[in-house]
Amino acid sequence: MAKETASAKKKKRGLKNVIPLLIIIMVIIGVPLLLLNYQAKRSGLTTGEVIQRIFKKSDQGTSVSSGDNKLG
């Protein structure tokens, strides 16, 4: 009987460790999705178009053309 209660306690402990992890994952994924959906509805674009627009803006600042690199 002692083994049965010990294994039951381990299962409960394991479940208690999984629940906070799931909550953290939901927050990490859920908050950005909510913001993307809000921005999409506000601008009238689809969620995919909003994502493309964000990455286009971030890529524009990092590219350097050959005419901009003049030394001295």
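Please read all numbers here as calculations on a predicted model, not as lab measurements. Residue numbers start at 1 and run along the sequence shown.
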I'd like a table of donor-acceptor pairs (distance under 3.5 Å, sequence neighbours excluded) in which one partner is a side-chain atom from residues 44-54, with atom names and distances.
{"unit_1": "T46", "atom_1": "OG1", "unit_2": "E49", "atom_2": "N", "d": "3.2"}
{"unit_1": "T47", "atom_1": "OG1", "unit_2": "N37", "atom_2": "OD1", "d": "3.2"}
{"unit_1": "E49", "atom_1": "OE1", "unit_2": "T46", "atom_2": "N", "d": "3.0"}

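- Pairs of residues two or more places apart, or lying in two chains, never qualify as side chain to side chain donor-acceptor pair (under 3.5 Å) while including a residue from residues 14-26.
- Taking Ile, Leu, Val, Met, Phe, Trp and Tyr as members and joining any whose side-chain heavy atoms lie under 4.5 Å apart, directly or through other members, the hydrophobic cluster of L21 also contains I25, I29, L33.
- Here I28 is tied into one hydrophobic group with I24, each link being a pair of ILVMFWY side chains closer than 4.5 Å.
- Residue L22 is found in a hydrophobic cluster whose other members, listed by chain and number, are V18; membership requires side-chain heavy atoms under 4.5 Å apart, directly or through intermediates.
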